Amino acid sequence: MGIVINLFLLVPASIVFFAAGFFLGRFFLERLGTTKVLEAEERAVQIVQEAQKEANEYKDLKVTEVNQEWKKKRREFDQEVVIKNNKFNQMQKQVQQREGQLKKQAQDNRDMERRLQDHRKENEQVQESVTLRAAELERIISEQNERLESISGLQSEDARQMLIDNMISKAREEATETIHQIHEEAEQEAERLAEKTLLTAIQRITFEQATENALSVVHIQTDELKGRIIGREGRNIKAFENATGVDIIVDDTPEVVILSCFDPLRRELAKLTLQKLLSEGVIHPVAIEKAYEDASKEIADVIMSAGEDALSSLQLPDMPAEVVKTVGKMKFHTVYGQNLLQHSREVAMLAGVMATELKLDARLAKRAGLLHDIGLVLPATDEPHAISGRNFLKRFNESGVVLNAIAAHHGEVEKESPIAELVDAANVISLSRPGARGAMTADGNVKRLESLEEIAKGFPGVIKTYALQAGREIRVIVEGDNVSDSQADVLAHDIAHKIESEAQYPGQIKVAIVREKRSVAYAK
């Protein structure tokens with residue numbers, strides 16, 4: 001120990017300090033390394049534990065997922081097994097039912113075969129009996145012929161010739177009657193065909209009839225607007241009437257203003273003008289003129305659209321714009337209480353259907369039917385509307401068949417084609433249907449029929465009267481003892497004359513007199 005101290009004393013101080021620092025640094029480094037190693041070991045242990053924990057959790061999760069997937073597959077398998085078992089059971093039941101049906105069918109076949117054998121035996125017996133009966137009848141006929149020859153003194157050949165002559169004479173009589181019957185059946189068939197053609201056309205065409213008058217009603221929101229429509233000292237109502245040419249009636253009827261004019265186009269234009277004024281809420285002479293101009297443009301579009309729709313519904317393309325516009329104006333005109341455009345479309349469709357039934361040109365028939373009354377919307381002239389309509393369409397190189405049908409539908413010119421006849425017939429049909437000429441309801445049509453029956457009942461000797469075929473025929477039953485055949489003819493003419501003078505009707509009405517005579521006797 002002393003030696004070490006002595007040596008230490010002999011070493012310089014700097015070396016001493018260096019050595020001391022070296023040892024101290026090494027000591028601290030060893031302590032620090034030991035601490036780090038311990039911490040690293042602890043961290044490694046912690047990481048291993050966490051990894052082990054995550055591995056266990058992942059393992060549990062996967063096990064759970066596998067179990068769930070297995071359970072799902074098991075459920076699906078069980079459901080599939082149940083479905084297949086049900087199908088198998090159903091097929092087994094069907095097979096059993098089919099086996100039962102086959103067994104029943106086999107039994108039925110055996111029963112049928114047994115019945116057929118029984119019928120065959122019965123037929124054989126019947127055939128044998130018929131053979132025996134035929135031989136017996138042949139023998140009896142031979143004996144009867146011999147007796148007839150001995151009684152009549154005629155040989156069989158002579159009797160046969162006499163029978164042939166009688167049969168030829170009778171056949172000639174029957175042939176004459178047959179020829180007469182064939183003529184009657186041919187006439188009836190022609191009438192039936194004509195009736196079928198008309199009925200087919202009528203039944204395939206359905207239109208609602210509407211009766212228009214000279215008034216249009218405009219509904220307003222409040223009665224306060226009536227004062228604004230009249231204006232100060234009536235200046236607004238005067239300006240409206242001057243601009244539209246329509247009389248406006250403002251009375252005590254609540255929330256209603258009435259427009260009066262016989263021209264339906266002017267009336268519709270005035271109605272649209274008033275509606276525009278009411279919607280804008282500004283009513284004075286300048287606004288009235290502007291609204292009238294706007295309404296005129298809108299009505300022009302409506303007219304063009306109505307004409308195009310009519311042509312489209314009838315499948316009639318290639319018409320000049322002026323003709324289409326004139327057709328559209330029919331929407332605002334009437335004929336015998338019917339809307340003119342609707343009536344013209346109906347005539348076109350009726351004529352087209354009848355032309356198709358008769359193997360004629362349906363397109364020309366529909367074209368003539370639509371344009372037949374176009375003269376009614378043209379400016380007034382001294383010519384009948386049929387002639388003016390034909391002259392108007394001549395400017396557009398219309399077909400000669402169509403022009404003739406238009407000019408001839410009221411008899412102004414002769415009909416030159418079957419199309420003209422069809423258009424005339426379709427026009428009469430359209431005007432005579434229920435709803436035409438003001439009879440727009442079933443009650444109006446019934447009243448017209450009752451009035452025809454009452455006219456015929458007023459003559460002496462008449463028992464009963466019946467109006468048939470929608471009023472196209474009156475059947476009158478008279479007393480056979482009091483009215484003779486010649487008197488029946490006179491009575492028919494008298495009834496027809498009275499109907500002409502007192503009733504209003506389209507087309508013609510047939511008056512048929514039926515004499516009823518009853519002969520009664522009693523057996524005691």
Side-chain angles (χ1 to χ4, degrees), residues 208-310 322 324-344 373-381 385 388 392 437-438 440:
E208 295 181 357
Q209 307 297 340
T211 300
E212 299 183 3
N213 50 30
L215 300 177
S216 291
V217 177
V218 179
H219 295 277
I220 58 178
Q221 295 179 352
T222 61
D223 288 338
E224 296 178 357
L225 293 174
K226 292 182 179 181
R228 297 176 60 187
I229 292 172
I230 296 172
R232 183 179 299 176
E233 298 179 356
R235 66 171 186 173
N236 289 345
I237 196 170
K238 290 179 181 178
F240 184 88
E241 291 178 348
N242 291 333
T244 61
V246 174
D247 294 332
I248 183 169
I249 302 173
V250 181
D251 54 14
D252 296 335
T253 306
E255 299 180 356
V256 166
V257 174
I258 299 175
L259 304 176
S260 175
C261 180
F262 286 104
D263 187 340
L265 181 57
R266 283 181 173 274
R267 197 167 66 247
E268 184 66 22
L269 184 56
K271 181 177 180 181
L272 185 58
T273 301
L274 183 57
Q275 289 175 345
K276 286 182 175 295
L277 291 171
L278 294 175
S279 63
E280 293 175 359
V282 178
I283 304 177
H284 54 76
V286 177
I288 291 173
E289 292 180 0
K290 184 178 182 302
Y292 180 75
E293 292 177 359
D294 295 340
S296 300
K297 295 178 182 178
E298 187 171 336
I299 285 292
D301 294 338
V302 171
I303 289 173
M304 202 66 184
S305 177
E308 292 173 351
D309 291 342
E322 188 173 351
V324 176
K325 181 179 179 181
T326 308
V327 171
K329 289 182 179 179
M330 293 182 183
K331 178 181 176 70
F332 301 101
H333 290 75
T334 58
V335 54
Y336 295 112
Q338 292 177 280
N339 181 274
L340 182 57
L341 180 57
Q342 185 171 319
H343 163 70
S344 299
D373 273 341
I374 197 170
L376 292 174
V377 298
L378 297 175
T381 61
H385 74 274
S388 62
F392 170 73
R437 301 178 186 250
M440 61 177 295

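A quick note: this is a predicted structure, and the numbers were derived from the prediction, not measured.
Pairing each heavy atom of V327 with each of G307, the nearest pair is CG1-CA, 4.2 Å. Nearest approach of L341 to A310, heavy atoms of both residues: CD1-CB, 4.0 Å.
Between the NZ atom in K329 and the CD1 atom in I299 there is a gap of 12.0 Å [rounded to 0.5 Å]. In this structure, CG on L274 lies 11.5 Å from CG on L269, to the nearest 0.5 angstrom. The CG atom of D373 sits 11.0 Å away from the CG atom of L378 when rounded to the nearest 0.5 Å. Atom CD1 of I303 is separated from atom CD of E268 by 10.0 Å, given to the nearest 0.5 angstrom. Atom-to-atom distance recorded for K238:NZ and I288:CD1 is 12.5 Å, nearest 0.5 angstrom.
When the side-chain contact (heavy atoms from CB on, under 4.5 Å) test is applied to A300, no partner is found at least two apart in sequence or on another chain. Under the rule for a side-chain contact (heavy atoms from CB on, under 4.5 Å), the partners of V302 that lie at least two apart in sequence or sit in another chain are K331, F332. Residues that satisfy the salt bridge (Lys or Arg N to Asp or Glu O under 4.0 Å) test with E322, not counting sequence neighbours, are R395. Partners of D309 under the side-chain contact (heavy atoms from CB on, under 4.5 Å) rule, at least two apart in sequence or in another chain, are S305. For the ring-ring contact (aromatic ring centres under 6.0 Å, His included) test, residues two or more places apart in sequence or in another chain that qualify with F392 are F396.
For residues 291-301, the pairs satisfying salt bridge (charged side-chain N to carboxylate O under 4.0 Å, His left out) are K276-E298, K290-D294, with sequence neighbours left out.
Contact check for R266 versus T244: no side-chain heavy atoms found under the 4.5 Å cut-off. The side-chain heavy atoms of E241 and V246, taken from C-beta on, include no pair separated by under 4.5 Å.
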Show your reasoning for whether side-chain contact (heavy atoms from CB on, under 4.5 Å) applies to H333 and L376.
CA-CA 8 Å; H333 290 75; L376 292 174; over 6 Å; no
